[in-house]
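Just so we're clear, the structure is a prediction, and the values are computed from it rather than from any experiment.
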Amino acid sequence: MDERRGKSVDIRTLIREEVLAQTAYAVEAARCRIKLDANENPLAIPAELRERFGALSASVPLNRYPEAGSMELTARFAESFGVGKDQVMIGNGSDELIQILCTALARPGAEVMIPSPTFAMYRISSINAGLRVAAVPLDEAFDLDLKAMRERMENHPPALTFLAYPNNPTGNCFTAERIEAILNESPGIVVVDEAYFHFSGKTFLSLLDRYENLVILRSLSKVGLAAMRIGLLIGSPILVRELHKVRLPYNLNALSQAAAGLYLDDEEAFLIQAREIIGWRSELFSAMEAIPGVHPRPTDANFIFFSCDFTADRIYGNLMARGILIKNFNAPGIIQDFMRVTVGTREENENFLEALRESLAE
Ligand SMILES: Cc1ncc(COP(=O)(O)O)c(C=O)c1O
């Protein structure tokens, strides 16, 4: 018997249709021996930094709210980027900054332009904010299809365009001239999302002065602090000022603020790891290229997008059966039968390669 009292409410009728139509972002919860699905740094932060973080955490007054807006950190990051502190905003991961941008720009009827495939949260946050989404397929080389994007911009000027640089899941950096063409021609904000900057070394930061509509996103997730959820937005002071009105007051918790400070105190320790991962990336790429029937795509990120002469579902399943978790992107279109593997430690990569060879033979 139903014990609940009061009015019966059909909750689904209260929810916006765009939300009902969505599926929640899928995070793979399967148990695995080796986790190569989420583009994390496979290395723990160095022991000495971990100790310092422990001491810092112990001194955080847990009964107090954290510093609102992380203003001290904002000033430090601004200095490290060589921009004004009114040009920087810190988010609870760059995911939150994507959400804030979408919320602020969702005027009635406004549209977001994204290439396809790209990072899933651009679409999810846009739809949640009530924005329309125009997804323009990438060309055969997984580069921006400038002609199609120009057509879209002419017919439906986007308020916001998201360009991941390098792109997730394809791993490549789009041609810089094509991004600049969009910056020049778009009447809206153009976000260049540099979440994988530490592995690409390529940035649009120096173009901030030239393009008022340019916004850059960075993240500390991929370089070793995924658990702390620290994202950075760099843009024009006029935009940042408005975005602060959308940001929740205490969006970055005190432990994350401590971790971000630690990153700035000792950035080199993180960059050493990134360089190590870049070395493992080229070893992994060459080894994958040498396996008959395996086709890795060039990458600027800490992951490799690849296809095999077999269905992705079969290879993904065979790898899972060996305890190795990667990401399966099998969807109709240009990424049919593609998978993405994160660069792990040398040992993890060797395990993956061995399992991949076995999976192909099975
Ligand atoms: C292109 C891109 N942008 C942003 C993010 C989100 O990063 P964060 O952990 O800072 O929210 C990811 C994570 O996979 C990503 O691939």
Side-chain angles (χ1 to χ4, degrees), residues 16 19 24-25 27 38 40-41 45 49-81 83-106 119-122 124-131 160 162 189 191 193-195 197 215-267 270:
R16 282 174 33 223
V19 177
Y25 184 85
V27 175
E40 295 144 329
N41 177 343
I45 65 170
L49 280 182
R50 224 172 322 153
E51 265 168 40
R52 268 165 51 199
F53 180 65
L56 273 176
S57 309
S59 69
V60 167
L62 296 182
N63 55 321
R64 301 289 178 195
Y65 284 110
E67 196 203 308
S70 322
M71 289 310 170
E72 199 187 313
L73 274 175
T74 301
R76 291 187 68 192
F77 275 109
E79 199 187 332
S80 87
F81 293 135
V83 300
K85 61 177 190 275
D86 55 355
Q87 291 185 267
V88 175
M89 188 162 125
I90 307 188
N92 189 341
S94 34
D95 279 348
E96 187 199 21
L97 298 166
I98 293 166
Q99 189 181 46
I100 289 173
L101 281 161
C102 290
T103 308
L105 290 157
F119 181 48
M121 290 314 298
Y122 303 148
I124 295 172
S125 287
S126 297
I127 291 174
N128 285 341
L131 287 153
L160 185 57
F162 285 107
I189 298 294
V191 178
D193 179 349
E194 298 179 348
F197 166 73
V215 168
I216 289 171
L217 291 181
R218 291 277 181 92
S219 173
L220 301 190
S221 295
K222 312 302 174 182
V223 77
L225 291 172
M228 302 314 316
R229 313 297 298 119
I230 301 154
L232 297 144
L233 177 147
I234 311 136
S236 93
I238 299 170
L239 177 72
V240 171
R241 194 184 137 97
E242 299 309 318
L243 297 179
H244 275 300
K245 301 178 188 171
V246 177
R247 175 182 58 71
L248 295 177
Y250 306 111
N251 62 332
L252 201 69
N253 74 69
L255 296 182
S256 297
Q257 290 191 17
L262 206 64
Y263 175 86
L264 286 169
D265 289 345
D266 210 342
E267 190 171 20
F270 291 87

So do [Y] and [X] actually touch side chain to side chain, heavy atoms under 4.5 Å?
{"X": "V88", "Y": "V240", "value": "no"}
{"X": "R52", "Y": "L262", "value": "yes"}
{"X": "L101", "Y": "F162", "value": "yes"}
{"X": "N92", "Y": "S256", "value": "no"}
{"X": "R241", "Y": "D86", "value": "no"}

Return the minimal non-hydrogen interatomic distance between [X] and [Y], and the atom names on each side.
{"X": "F270", "Y": "D266", "value": "CD1-O, 3.5 Å"}
{"X": "N251", "Y": "I90", "value": "ND2-O, 2.9 Å"}
{"X": "R218", "Y": "E194", "value": "NE-OE1, 2.9 Å"}
{"X": "L252", "Y": "G91", "value": "CD1-O, 3.5 Å"}
{"X": "A78", "Y": "K85", "value": "CB-CA, 3.6 Å"}
{"X": "L73", "Y": "A260", "value": "CD1-CB, 3.7 Å"}

When you look at N253 and R229, which way does the side chain to side chain contact (heavy atoms under 4.5 Å, CB included) test go after all the steps? CA-CA 9 Å; N253 74 69; R229 313 297 298 119; over 6 Å; no
Taking P237's backbone N and O only, do any of them form a donor-acceptor pair with Q87's side chain (distance below 3.5 Å, no angle check)?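 No: the side chain of Q87 does not pair with the backbone of P237.
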Is there a donor-acceptor pair under 3.5 Å between the side chain of E67 and the backbone N or O of E72?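 Yes, because the side chain of E67 sits within donor-acceptor range (under 3.5 Å) of the backbone of E72.
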Atom pair [atom1] ([X]) and [atom2] ([Y]), whose distance is rounded to the nearest 0.5 Å:
{"X": "L97", "Y": "M121", "atom1": "CG", "atom2": "CE", "result": "12.0 Å"}
{"X": "Q99", "Y": "L248", "atom1": "CD", "atom2": "CG", "result": "8.0 Å"}
{"X": "C102", "Y": "L160", "atom1": "SG", "atom2": "CG", "result": "5.5 Å"}
{"X": "L232", "Y": "F81", "atom1": "CG", "atom2": "CZ", "result": "4.5 Å"}
{"X": "L217", "Y": "D193", "atom1": "CG", "atom2": "CG", "result": "4.5 Å"}
{"X": "L264", "Y": "R76", "atom1": "CG", "atom2": "CZ", "result": "4.5 Å"}

For Y263, give me all partners under side-chain hydrogen bond (donor to acceptor under 3.5 Å, both in side chains), at least two apart in sequence or on another chain.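 Listed in chain order: H198, E267.
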What residues, two or more places apart in sequence or in another chain, satisfy side-chain hydrogen bond (donor to acceptor under 3.5 Å, both in side chains) together with E40?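 Expected list: K35.
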Angle class for the F119/Y122 ring planes (parallel below 30°, perpendicular above 60°, tilted otherwise)?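 Answer is perpendicular, since the angle exceeds 60°.
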According to the salt bridge (Lys or Arg N to Asp or Glu O under 4.0 Å) rule, which pairs have a member within residues 243-260, sequence neighbours left out?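 Residue pairs passing salt bridge (Lys or Arg N to Asp or Glu O under 4.0 Å), neighbours aside: E242-K245.
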